[in-house]
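Working notes, beginning with the structure itself.
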Amino acid sequence: MGTGGVSFPLEMKSVIAMNDYLGSIFEKYLHAKKIFKNKEVLRHSYTPKELPHRKEQIEELAHILVPVLRGETPSNVFVYGKTGTGKTVTIKFVTEELKRISEKYQVPVEVIYINCEIVDTQYRVLANIVNYFKGESGVEVPLVGWPTDEVYARLREVIDARERFVIIVLDEIDKLIKKSGDDILYSLTRINTELGRAKVSIIGISNDLKFKEYLDARVLSSLSEEEVVFPPYDANQLRDILMQRARDAFNEGVLDDAVVPLCAALAAREHGDARRALDLLRVAGEIAEREGASKVTEHHVRLAQDKIEQDTMEEVIKTLPLHSKILLYSVVLLDENGELPANTGDVYSVYKKVCDYLDIEPLTQRRVSDLINELDMLGIINAKVVSKGRYGRTKEIRLNVTPHKVKKIFGADDQLRPLLTLNLSGQRRLV
DNA sequence: TGTCCACTGGAAGGGAGGGCTT
DNA sequence: AAGCCCTCCCTTCCAGTGGACA
């Protein structure tokens, strides 16, 4: 537009400037070398065609399940291993393979996969199983409402409708048992005695090794007829896994040599969690892509590590129930006043004042004590039970996140924003 | 050595909120 | 509409406890 005497009105000028700007953004991304070939490969839900370093477990499971093909009921199986050791993906791989082969031998097999972290009550597990067959039986159980006995009766009916093998996979089974007891396992492990045509076997997956203690002896003996253990991956094994996925996920030459080993090493430090390793690799790639970089470097992995930690913590705090948020804010106030570590009584009295300020009815100390434990479990605060002798037994409470971060998150929350004005001066009155 | 503090954490149960059947 | 049922969140009650202090 130079000096030609043409003068655009001000708005027009800024539109042109904006267009230039946008254009350059698009061009930047357009000309940046494409990092990902197929990002899906790095997702947790993806089942790869090969599972490195799990051959032993696959063969063990195949050995346990092979009676199906001969028309015999396989043993129930208990699968152990920490998070990210490939339990779920291996089970899915093996059961899919079993289904495929069983068609060849004309043995009908149904595999029902239930994640007990989501489906975490006896009723819902039974309902899920019944609903799995709703296509053929026409029976659908609502999410709540029916008596559990009724659901169980329907379950027997729909499963026994024809001759077949039904394999029920209960992932994160420890969550279910801790929450609703082992009655359901008791019924499920005995169901075969009540069935005429169908045969049921159960695969329980758990990452809590101690969880067997919660089980009744009879349930335990029938459920853990067979056990398969998934040891954590070491850094070398993680590297192989990442290498295999990286080949399909990234374009050639975009990964710096140090990236995969670094992701593997960082994840190996966290008890050999392959999920974590895959997340690191994916997020590092995304960061590089956003930067318009042509290569993913070690630097991107470090950024990814920070980002993952930040994101999970932020998400956890954002989704806390109201009273947990108020409680957390009480700890923040104490921290800003230099009064941490504080004990339960101190935190509770600040909490009551904050509730008062917000015109919200406070919960009892008993309940708050549980909320403190929950925040501790989530890693947001630290609560250690200590005895102060004559001065009683209480929890010593510390903050595990920066007050700044909590305030930032609460600033976006309409109900809690008023709390932010409780700055140091207001707080002195409060505490 | 016994006392006693400031809680902890288990147990039981209530009621609101969701949904069902009849 | 009435009568069930299940789950979740919460209260009430209370026995139990580690260790400083007298």
Side-chain angles (χ1 to χ4, degrees), chain A residues 114-131 133-134 137-158 170 172-188 210-211 213-216 316 319-328 330-331 334 339-356 358-378 380-398 415 431:
Chain A
I114 294 174
N115 186 337
C116 303
E117 193 177 9
I118 301 158
V119 184
D120 60 354
T121 65
Q122 174 169 332
Y123 178 92
R124 286 184 198 155
V125 169
L126 296 175
N128 257 268
I129 300 171
V130 176
N131 289 345
F133 294 103
K134 78 174 173 227
S137 67
V139 179
E140 188 172 358
V141 182
L143 287 174
V144 282
W146 285 17
T148 306
D149 302 359
E150 172 81 22
V151 184
Y152 186 69
R154 288 301 174 84
L155 177 126
R156 273 188 322 223
E157 246 169 62
V158 298
L170 297 172
E172 313 222 28
I173 192 171
D174 47 318
K175 304 259 165 59
L176 174 68
I177 304 308
K178 273 181 206 153
K179 212 171 152 225
S180 357
D182 60 1
D183 291 0
I184 176 147
L185 291 183
Y186 188 68
S187 338
L188 285 180
K210 281 191 302 185
F211 126 87
E213 292 167 14
Y214 299 98
L215 289 181
D216 182 283
V316 169
T319 53
L320 286 175
L322 177 64
H323 282 278
S324 298
K325 283 179 176 163
I326 297 174
L327 180 63
L328 174 59
S330 311
V331 181
L334 283 161
E339 296 190 26
L340 291 187
N343 56 36
T344 307
D346 299 338
V347 174
Y348 185 64
S349 63
V350 176
Y351 159 83
K352 275 203 296 197
K353 285 175 190 162
V354 178
C355 282
D356 207 37
L358 291 175
D359 216 4
I360 287 171
E361 192 69 20
L363 302 174
T364 58
Q365 181 158 346
R366 176 69 188 85
R367 179 69 188 131
V368 167
S369 177
D370 279 344
L371 294 184
I372 290 174
N373 288 344
E374 282 168 26
L375 289 181
D376 178 52
M377 290 255 292
L378 293 169
I380 301 170
I381 64 172
N382 246 318
K384 197 171 95 197
V385 178
V386 291
S387 176
K388 300 195 167 170
R390 219 196 148 77
Y391 305 104
R393 222 157 87 87
T394 180
K395 289 194 188 97
E396 233 175 47
I397 296 158
R398 292 181 168 78
Q415 201 171 5
V431 176

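Lettering follows sequence order; numbering is per chain, from 1. Predicted model, so just to flag it, every value in this text is computed and none were measured.
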Could you tell me how far apart A:E361 (CD) and C:dC10 (C1') are, to the nearest whole angstrom?
12 Å
Side-chain N or O of A:K395 versus OP1/OP2 of B:dT8: is the shortest distance under 4.0 Å?
yes
Contact check, side chains of A:L176 and A:E117, non-hydrogen atoms, under 4.5 Å
no
Is there a side-chain contact between A:V130 and A:L126 (heavy atoms, below 4.5 Å)?
no
Between atom CG in A:L126 and atom P in C:dT7, what is the gap in whole Å?
10 Å
Length of the line joining A:W146:CH2 and B:dT21:C1', which is rounded to integer Å
10 Å
To the nearest Å, how far apart are A:N373 CG and C:dC10 C1'?
16 Å
Closest nucleotide among C:dA20, C:dT11, C:dT17 to the A:R390 side chain
C:dA20
Does A:N343 make a side-chain N or O approach to OP1 or OP2 of B:dA6 shorter than 4.0 Å?
no
For atom CD1 of A:I360 and atom C1' of C:dC10, their distance in whole Å
16 Å
May I ask you to verify whether the side chain of A:R366 and the base of B:dG9 hold a donor-acceptor pair under 3.5 Å?
yes
Salt bridge or not between A:D120 and A:R124? Use side-chain N to carboxylate O under 4.0 Å.
yes
Shortest non-hydrogen contact from A:L155 to A:L188?
CD2-CD2, 4.5 Å
Starting from P on B:dC7, measure out to CD on A:E396 and report it in whole angstrom.
12 Å
Below 4.0 Å: OP1/OP2 of B:dT8 and any side-chain N or O of A:T344:
yes
Rounded interatomic separation in angstrom, taking CZ from A:R393 and P from B:dC4
18 Å
Minimum-distance nucleotide (side-chain atoms of A:T394 versus B:dC4, B:dA6, C:dC6):
B:dA6
Under 4.0 Å between a side-chain N/O of A:S369 and OP1 or OP2 of B:dT8, yes or no?
yes
Selected nucleotide, minimal atom distance to A:Y391 side chain, candidates C:dT7, C:dA20, C:dC13:
C:dA20
May I ask you to evaluate whether A:R367 reaches the phosphate of C:dC10, defined as a side-chain N or O under 4.0 Å from OP1 or OP2?
yes
Measure the distance from CD on A:Q365 to P on C:dC10 and round it to the nearest whole Å.
16 Å
By the 4.0 Å heavy-atom rule, please label A:E150 as base, sugar-phosphate, or nothing.
nothing
Considering all heavy atoms, the nearest A:L363-A:Y351 contact
N-OH, 2.9 Å
Are side-chain heavy atoms of A:E396 and A:N343 found at a separation under 4.5 Å?
no
Determine: side-chain N/O of A:S387 to OP1/OP2 of B:dC7, distance under 4.0 Å, yes or no.
no
Let's see if you can work this out: which of C:dG18, C:dC6, B:dG9 has an atom nearest to the side-chain heavy atoms of A:P147?
C:dC6
Determine the contact category for A:D370: base if any of its heavy atoms lies under 4.0 Å from a base atom, sugar-phosphate if only primed atoms, P, OP1 or OP2 are that close, otherwise nothing.
nothing
